[in-house]
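Right, one structure below, let's go through it.
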Number of protein chains: 2
Amino acid sequence: MLPRLLSFGNLPPYERQLLEQALRRKVRTIGPHKDIIRERDKPRVANFMLDGWAMRYKQLSDGRRQILSFFLPGDICDANVFLLDEMDHSIGAITHVTYAEVSHADFEALAQAPEIGACLAFRNLVTMAIQREWTTNIGQRSAYERLAHLFCETFHRMRAIGQIRDDGFSFPLTQTDLADATGMTSVHGNRTLQRLRCEGLLELKSRRIVVRDLERLTQVAQFTPNYLHAYGAVKQAAPEIS
Amino acid sequence: MLPRLLSFGNLPPYERQLLEQALRRKVRTIGPHKDIIRERDKPRVANFMLDGWAMRYKQLSDGRRQILSFFLPGDICDANVFLLDEMDHSIGAITHVTYAEVSHADFEALAQAPEIGACLAFRNLVTMAIQREWTTNIGQRSAYERLAHLFCETFHRMRAIGQIRDDGFSFPLTQTDLADATGMTSVHGNRTLQRLRCEGLLELKSRRIVVRDLERLTQVAQFTPNYLHAYGAVKQAAPEIS
DNA sequence: CGTGCCGTTGACGATATTCAAGTGCAGTGG
DNA sequence: CCACTGCACTTGAATATCGTCAACGGCACG
């Protein structure tokens, strides 16, 4: 019923029911390339990702765009966001996306529940840690290392939600998206990607990534997964389908 | 008594007392270039900045360093950080720093108090927004725009805590720090800084910045302060000295 | 069978890094 | 008082990385 990360581990029955009810109240679907919420909008609800990929991004007035993070199933878009007068960034769907809108009142109730509240706070810390790692990635690493790092991170996150099959996973971004996420132009992204391919680190074709050599990829990226803090605390396992 | 941003606006007497007690319990001082906490340490307390500048940073194994954010008086280093097994970044003092260590128990009590709890959550959102802006800054802007942006942001933050005098403020970073914060080499930082100076946008000499043309600086940086969400909701005013 | 988006390529120029050397200044100790 | 030291800042030249512009091919979709 719930995507893996939204299961929040073993909740007491009362909390589990609270969570499921909150997530059932208002489920929405949106098509790719549509915005879930835009910069300057007044935030009204917290969004819990149920299925599909979305992204957080900012756009400068001259058109430059920075993708700030990706939302995978089970992620929470903006905990506590009600406290803000207006959004300082946008959230857009990459694929078809299903998400649950959680009202301010419902969110408060979830945050008050001891287990769920702690999980929400923990998730928030992980989200912040990932954002910091992206800053480091873009600030310090070369284009080549940067892409390698993003693929390592995504691999680990996808594994945590049981989405790895044969060392590969679905990766619905265009090369332009990839470039905007790593702070390079799409032309340079394309060339850098080719280098990753021809050095035998990975394949990327028709929206699917296969990691050919995780060890070397990790080395190139100087990737250390500690900042994910055992993201979801779930190792590779069958996804929760019920 | 409390630095401006830690005043949390108008608190009911009970909460104000709670806050002051929590901040009085353990006040520490540390010299410049010392670490307050290091990556891989187990976090035990939340640190509330009382005086001086500190920074959050990450170091790669080959020595490259990314400065992730600055802590000014009144900032909170790591709310909720107890939930993490270990630190994924370090916090270092830039100047002499005075800070209050808040225990897990005390922090919980603060977070439970309605007004303070909301303030803490709000501050956390602003911290995240700043981190996102840094990602955007480093990812999309040129070196020249990037430095301009950092100075704009710092100007606004310093103004919010009443630290602007004659369009200038104390700025204790070396050029190497500045470069590590904006993802460039110190040599390039130096040259870029010279350009900012000779175009009449600002002066930077002996650890003090004077903004000569805020309007043009804002333009160059494409700076929009919306992401600060009226950081502290305090306009320029005399600092709270009591 | 067009149309549009995505990926790819080449040539060129701009931006940023590297390496190395030198200046200025503050603090230290003789 | 002055040499000595260390650090921050500055400069130049050579190089590497990355961006811009423009064009073309493939493929899906209508």
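Protein chains get the first letters and strands the later ones, always in sequence-line order, with residue 1 at the start of each.
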Are A:Trp53 and A:Phe71 near enough that their ring centres are under 6.0 Å apart?
no

Pair A:Gln194, A:Asn190 - check side chain to side chain donor-acceptor pair (under 3.5 Å), show working.
CA-CA 6 Å; A:Gln194 288 178 44; A:Asn190 176 284; 2.4 Å; yes

Is A:Asp177 salt-bridged to A:Arg65, going by a charged N under 4.0 Å from an acidic O?
yes

Cation-pi between B:Arg132 and B:Tyr227: NZ/CZ under 6.0 Å from ring centre and within 45° of the ring axis?
no

List in chain and number order the residues that pass salt bridge (charged side-chain N to carboxylate O under 4.0 Å, His left out) with A:Glu101, two or more places apart in sequence or in another chain; answer none if no residue qualifies.
A:Arg28

By a strict heavy-atom criterion of less than 4.0 Å, which residues belonging to residues 131-152 of chain B are in contact with DNA chain D?
none

Exactly one candidate in B:Leu196, B:Leu147, B:Thr218 meets side-chain contact (heavy atoms from CB on, under 4.5 Å) with B:Leu201; the answer is B:Leu196

So A:Ser69 and A:Arg56, side chain to side chain donor-acceptor pair (under 3.5 Å) or not? Walk me through it.
CA-CA 5 Å; A:Ser69 59; A:Arg56 201 196 297 271; 3.1 Å; yes

Residues 40-47 of chain A, side-chain donor-acceptor partners within the protein, below 3.5 Å, at least two apart:
from, atom 1, to, atom 2, distance (Å)
A:Arg40, NH1, A:Glu86, OE2, 2.8
A:Asp41, OD2, A:Arg38, N, 3.0
A:Lys42, NZ, A:Leu84, O, 3.3

Under a 3.5 Å cutoff, is there a donor and acceptor pairing between the side chains of B:Gln131 and A:Trp134?
no

Answer yes when A:Arg123 and A:Asp75 have at least one side-chain N-carboxylate O distance shorter than 4.0 Å, and no when they do not.
no

Within residues 196-210 of chain B, the residues having a heavy atom closer than 4.0 Å to DNA chain D are B:Arg197, B:Arg207

Could you tell me from which nucleotide to which nucleotide of DNA chain D, 5' to 3', there is an atom under 4.0 Å from chain B heavy atoms?
D:dA8 to D:dA13

For a 4.0 angstrom threshold against heavy atoms of chain B, report the outermost contacting nucleotides of DNA chain C in 5' to 3' order.
C:dA16 to C:dC19

Kindly assign one of parallel, tilted or perpendicular to the pair B:Phe223 and B:His156, based on the angle between their ring planes and the thresholds 30° and 60°.
tilted

Just checking, B:Arg208 and B:Phe169: is the charged tip under 6.0 Å from the six-membered ring centre and within 45° of the axis?
no

